[in-house]
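These numbers come from the heavy atoms of this one structure, side chains and all, not from hydrogens, waters or symmetry mates.
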Amino acid sequence: MNLLDRFTNSTQFKDYNDFYNNFKLTVPENYNFAYDVVDEYARLEPTKRALVWCDDLGGERIFSFSDIKTISDKTANLFLSLGIGKGDTVLVILQRRYEYWTTLMALAKIGAIAIPATHMLMEKDLVYRMEKANVKMVVSVNEDELCENIRKAMKKVPCVQYAACVGKREGFIDFTEDVQKQSAELCVPYKAERRADDTLLVYFTSGTTGMPKMVALPERYTLGHIVTAKYWLNCIDDGLHFTLAETGWAKASWGKLFGQWLCGSAIFVYDFHGKFEPEDLLNHVSKYGITTFCAPPTVYRFMMKSDLSKYDLSSIKYMMTAGEALNPEIYRQIMMKTGHAIYEGFGQTETTVVCGTFSQYMEIRPGSMGRPSPLYYVQLLNNEDKPVEQGETGEICIRLRDPQEGLFSGYYQDPDLTASVKYDGYYHLGDLAFCDSDGYYWFVGRKDDIIKSSGYRIGPFEVESALMEHPAVLECAITAVPDELRGQLVKATVVLAKGYEASDELVKELQNHVKKTTAPYKYPRIVEFVTELPKTISGKIRRVQIREHDTHRD
């Protein structure tokens, strides 16, 4: 059993056009995910599997929806006993601990706002977030460095009244023990007062430029993930979905919570620490019988280099990717080794899936991010905010509707910043793409990443895609270097695969490879070999850092 019929007009359509034109969401005015989805499953089918959790030490826990309800009610009572209530902000740093899911549901039940964050934040990062969001409480994993950074940050930010962590630690509330002590009976006035427009989550974006922004997501946003989970990720009732993401990032909301549970699918969580090992991941896919799997292209790159024949991946029905554009060569290699296509999706922290390869209704075009979700009217606009012609590159924009399901309500407590991206009837995403004659969208790059050389406009992704086809390239980033003659030159920063060494001969080989793979004028005139690429905390390549480094070189 799933709850889709309560919130959608239909789950099956004839083709993509039928899906795009006729899919509708029904959002009750007093909708709340924790009460209307989790607690409903607990009432109707209490033993239904909700969460399958394991860690790299051999631990394992399986939670039913009844378990999630009971623990979240206890957790909500703990928050209430500490004075946490409607509108209060709580920083949640629980990595892949199972407490993350019950904590988020608990905060939703009392109308408080969860701010998920990664355990990799340092003291200054915590101070910035605590001050910016007026955080009242922190709930974290029990790690020495993180807890010490929380202690230091709290001394500088008086609004933070409490810090709790999973287990015992001096100066912290024992979150595990104190939750267990609470009553399982939750009585809170907010249950009757809840509204679909109440803020549920605030994410600090890990942008490639500037300080992180606070993305406010309302309760109604969660229903937008029906499209994400049902039609793009292909989650099935009583299936087991695995999205490889830490809970500090919005990708966890895409693949580890809302849409999956709405579809009736359980969520698989592998709580690992230290370096990512593709062999461990593949063993868990086999052991637990994962039915749908989503990972960033980086993970597929590692898988591509592994001997996949050693693992039983027969339970997988669909494989997906998002977070950054997928190079066609990765698609080809994974398809060859597993027999599975990789269905790409595109969106932001501020959205649900904006464009996707909705496999039920359209064929895959390797390298394309697919076609628009029925929740959005997508338009590509030029620098004068006019629609571009077919095949021309423009900024991806969403025409605003009221209400606009699946979209952020704005930047938290920052109307000016909100107005800088939501204006003239559109939300401007800041990403560039073009649309082909069949309505498929193709990612070009961030507006700030476009290279202008000798009158040509060159998107970094197309050059990176060409380079990734060469076996010597593990990772790469394409950026611009200032040049008096051409304006800008194309530069490739390359991480080599095992078994390859940097040399002038390899530079020429890579340059010639690009010339043969794409338009010759796009080839990188500068190639630099590095051991790793600069990335944001969330793992996105920071091309801006490469550009700044090149600009300040002597």
Side-chain angles (χ1 to χ4, degrees), residues 275-279 281-282 295-310 319 321 323-338 340 342 344 366-367 442-445 449 451 453 456 458-481 483 488-536 539-547 549-550 553:
K275 184 181 177 182
F276 166 75
E277 297 292 346
E279 292 79 12
L281 179 147
L282 293 165
T298 300
V299 171
Y300 286 111
R301 280 197 287 271
F302 281 112
M303 289 174 61
M304 191 173 74
K305 307 292 184 182
S306 302
D307 181 4
L308 298 183
S309 65
K310 297 190 300 184
M319 300 172 78
T321 192
E324 58 182 278
L326 177 72
N327 296 107
E329 178 62 14
I330 298 174
Y331 172 90
R332 189 185 71 80
Q333 291 274 357
I334 294 296
M335 181 71 174
M336 181 178 67
K337 291 187 174 186
T338 68
H340 281 293
I342 302 176
E344 193 164 357
W442 301 78
F443 183 78
V444 173
D449 290 337
I451 302 167
S453 181
Y456 295 109
I458 302 168
F461 176 65
E462 55 191 339
V463 187
E464 289 168 1
S465 295
L467 278 171
M468 284 300 301
E469 294 181 13
H470 196 284
V473 179
L474 179 65
E475 285 189 307
C476 63
I478 296 296
T479 54
V481 174
D483 181 74
Q488 292 179 324
L489 296 178
V490 178
K491 177 194 173 185
T493 305
V494 176
V495 178
L496 291 174
K498 289 182 179 179
Y500 290 88
E501 293 184 0
S503 67
D504 292 341
E505 290 73 19
L506 184 55
V507 168
K508 292 177 182 177
E509 186 177 330
L510 294 176
Q511 290 172 329
N512 289 331
H513 175 77
V514 173
K515 288 178 183 179
K516 294 175 182 178
T517 306
T518 186
Y521 67 84
K522 299 175 184 177
Y523 86 93
R525 295 176 182 272
I526 301 171
V527 177
E528 180 181 8
F529 298 108
V530 297
T531 56
E532 62 180 358
L533 297 174
K535 295 179 180 178
T536 65
K540 294 181 180 179
I541 296 171
R542 295 197 77 243
R543 294 179 182 84
V544 64
Q545 186 172 328
I546 298 173
R547 291 196 298 265
H549 176 73
D550 290 338
R553 279 180 171 175

When rounded to the nearest 0.5 Å, the distance separating CD of Glu469 from CG of Leu510 is 12.0 Å
Could you tell me whether the side chain of Val463 reaches within less than 4.5 Å of the side chain of Pro524, counting heavy atoms only? yes
Test item: Glu475 side-chain N/O and Leu533 main-chain N/O as donor-acceptor pair under 3.5 Å: no
Sidechain-backbone polar pair: Ser453 side chain, Gln488 backbone, donor-acceptor under 3.5 Å: yes
Within the 4.5 Å heavy-atom criterion, are Met468 and Val473 side-chain neighbours or not? yes
Hey, is the main chain of Ala295 close enough, under 3.5 Å, to the side chain of Thr321 for a donor-acceptor pair? yes
Do you know which two heavy atoms are closest between Ala477 and Ile546, and how far apart they sit? CB-CD1, 3.8 Å
If you define the side chain from C-beta out and look only at heavy atoms, does anything of Ser306 sit under 4.5 Å from Glu279? yes
Minimal non-hydrogen separation, Ile541 against Lys535, with atom names: CA-CG, 4.1 Å
Taking the side chain as every heavy atom from C-beta outward, state whether Leu281 and Pro278 have any pair of such atoms under 4.5 Å apart. no
Residue pair Leu506 / Phe529, side-chain heavy-atom distance below 4.5 Å: yes
For a quick test of reading the model, state the closest non-hydrogen atom pair linking Pro366 to Tyr331 and the distance between them. CG-CE2, 3.3 Å
Measure the CD1-OG1 distance between Ile451 and Thr479 for me, rounded to the nearest 0.5 Å. 6.5 Å
Is there a side-chain contact between Tyr521 and Ile458 in this structure, where contact means two heavy atoms from C-beta onward sitting under 4.5 Å apart? yes
If you look at every heavy atom in Ile526 and Gln511, which pair is closest and at what distance? N-NE2, 4.4 Å
Side-chain contact test, heavy atoms from C-beta onward, threshold under 4.5 Å: evaluate it for Ile478 versus Lys522 and give yes or no. no
Closest non-hydrogen contact found for Ala472 with Tyr500 is CB-CD2, 3.5 Å
Got a second to check how far Glu344's CD is from Met319's CE, nearest 0.5 Å? 13.5 Å
So, Glu505 and Lys508, do they make that salt bridge, N to O below 4.0 Å? no
Separation of Leu467 CG from Glu329 CD (nearest 0.5 Å): 12.0 Å
Out of curiosity, Thr518 OG1 to Glu464 CD, how far, rounded to the nearest 0.5 Å? 12.5 Å
Could you check whether any side-chain N or O of His340 sits under 3.5 Å from a backbone N or O of Ile334, counting only pairs where one atom can act as donor and the other as acceptor? no
In the structure I gave you, are the side-chain heavy atoms of Arg525 and Tyr523 within less than 4.5 Å of one another anywhere? yes
Looking at Met304 and Ile330, what are the two nearest heavy atoms and their distance? SD-CA, 3.8 Å
Rounded to the nearest 0.5 Å, how far does CG of Asp550 lie from CG of Leu489? 10.5 Å
